[in-house]
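Lettering of chains follows the sequences in order, A, B, ..., and the numbering in each one begins at 1. The figures that follow rest on heavy atoms only: side chains count, while hydrogens, waters and symmetry mates do not.
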There are 2 protein chains.
Amino acid sequence: MDAVAALAALAQDNRLDVFRLLVQAGPDGMAAGAIAEALDLAPNTLTFHFDRLRMAGLATVRREGRSMIYAARFETMNALVGFLTENCCGGTACAPAPACKPARKRSRVPA
Amino acid sequence: MDAVAALAALAQDNRLDVFRLLVQAGPDGMAAGAIAEALDLAPNTLTFHFDRLRMAGLATVRREGRSMIYAARFETMNALVGFLTENCCGGTACAPAPACKPARKRSRVPA
DNA sequence: TCGTCATTTCAATAATCGTTGAAATATGGA
DNA sequence: TCCATATTTCAACGATTATTGAAATGACGA
């Protein structure tokens, strides 16, 4: 993982919003059009931001009919948080890195 | 804390290196000149990067004699990691955010 | 006061960024 | 096949970025 690339990908308002939406959408992802509508962004602008997220390893695409479905890559985000956690504590993690998983529909919430 | 500003501040090779060095240096900080030498960066370039880190709340300065001593602001880094942890897990933290503290000279390491 | 060390300020530059509008491409349905 | 939908590609633009060199500022010691 390239930490600087991942940080740069998230260091922009619209792109951070897009990624947050993707995280909320979970592993099934979300159609480009739906994201464009949710965030009120022009589709071509969105393509530009998707490219950045993908190049940083933070998102994937697949085609589904006419739609392009984008999904968050949680493992990359996980690695990024791990990197930052290690580097914010002087080279030694101050706590085990939290495991970031796709939001699951939890029927049972662990205490 | 402005997450985008903090992300942008760290999303650059030299600046990330500077911040990592500051984290290693701990709360006492490090003189600008020492950082310039350690990372082989021009002093004026460094001033530019320090400004970014400071504006993002990731560093502080104080004068000590002729030297300017820069230090990492751990609380901001902490908040950033917290923000990312929450946002990488679909709005709910998947684990308590790790407390990132200045590297301490630990005489006793907790089990 | 003078010189030197440590750092900042300023102006200039090339490179990258985010957005726009227009045109192209791909898919599915009538 | 023709049309509409969904998204991408492309060229252009102003804005921001990181770096450089030269000059300025501030602090200390002789």
Requested in this report: State whether A/S67 places a side-chain N or O below 4.0 Å from either non-bridging phosphate oxygen (OP1 or OP2) of C/dT27.
Outcome: no
Report summary line: Taken to the nearest whole Å, CD1/B/I35 to C1'/C/dT8 is 15 Å
**Report entry** Minimal non-hydrogen separation, B/M77 against B/L58, with atom names
**Finding:** N-CD2, 4.1 Å
Query raised in the report: Which nucleotide in the list C/dT7, D/dT5, D/dT8 gets nearest to the side chain of A/R66?
Result: D/dT5
Query raised in the report: Do any side-chain nitrogens or oxygens of B/T47 fall under 4.0 Å of OP1 or OP2 in C/dT8?
Result: yes
Query raised in the report: Which one, C/dT8, D/dA27, C/dT20, comes nearest to the side chain of B/R63?
Result: D/dA27
Report task. Name the residue closer to the 5' end of DNA chain C, choosing between A/F48 and B/L46 according to the nucleotide with the nearest heavy atom. Result -> B/L46
Query raised in the report: Considering heavy-atom distances to DNA chain C, does A/G65 or A/R52 have its closest nucleotide positioned more toward the 5' end?
Result: A/R52
Query raised in the report: OP1 or OP2 of C/dT19 less than 4.0 angstrom from a side-chain nitrogen or oxygen of A/H49, does that happen here?
Result: yes
**Report entry** B/F19 and B/Q12, any side-chain heavy atoms less than 4.5 Å apart
**Finding:** no
Report summary line: Here the distance between atom P of C/dT19 and atom CG of A/D17, to the nearest Å, is 11 Å
Query raised in the report: Could you give the CD-to-C1' distance, from B/Q12 to C/dC17, as a whole number of Å?
Result: 14 Å
**Report entry** Distance below 4.0 Å between A/R15 side-chain N/O and C/dG18 OP1 or OP2
**Finding:** yes
Query raised in the report: Are OP1 or OP2 of D/dA6 and a side-chain N or O of A/Y70 less than 4.0 angstrom apart?
Result: no
Report task. May I have the distance from A/R62 (atom CZ) to D/dT7 (atom C1'), rounded to whole angstrom? Result -> 16 Å
Query raised in the report: If we only count heavy atoms from C-beta on, is the A/I35 to A/V18 side-chain gap below 4.5 Å?
Result: yes
Query raised in the report: Atom CD1 of B/I69 and atom P of C/dT8: how far apart are they, to the nearest Å?
Result: 11 Å
Report task. Spell out yes or no: do the side chain of A/N14 and the base of C/dG18 have one donor N/O and one acceptor N/O closer than 3.5 Å? Result -> no
Query raised in the report: What's the CG-C1' distance between B/D13 and D/dT17, to the nearest Å?
Result: 14 Å
Query - Minimum-distance nucleotide (side-chain atoms of B/M68 versus D/dT8, C/dT7, D/dA18) - result: C/dT7
Report task. Compare the minimum distances between each of D/dT19, D/dT7, D/dT20 and the side chain of A/A32, then state the nucleotide with the smallest one. Result -> D/dT7
Requested in this report: Check the pair B/T85 / A/T85 against side chain to side chain contact (heavy atoms under 4.5 Å, CB included), numbers first and verdict last.
Outcome: CA-CA 10 Å; B/T85 300; A/T85 299; 5.9 Å; no
Report task. Give the rounded distance in Å between these two atoms: CD of A/E64 and P of C/dG28. Result -> 11 Å
Report task. Side-chain contact test, heavy atoms from C-beta onward, threshold under 4.5 Å: evaluate it for A/L46 versus A/Y70 and give yes or no. Result -> no
Query raised in the report: Could you state the CG-P distance from B/D51 to D/dA18, rounded to the nearest angstrom?
Result: 12 Å
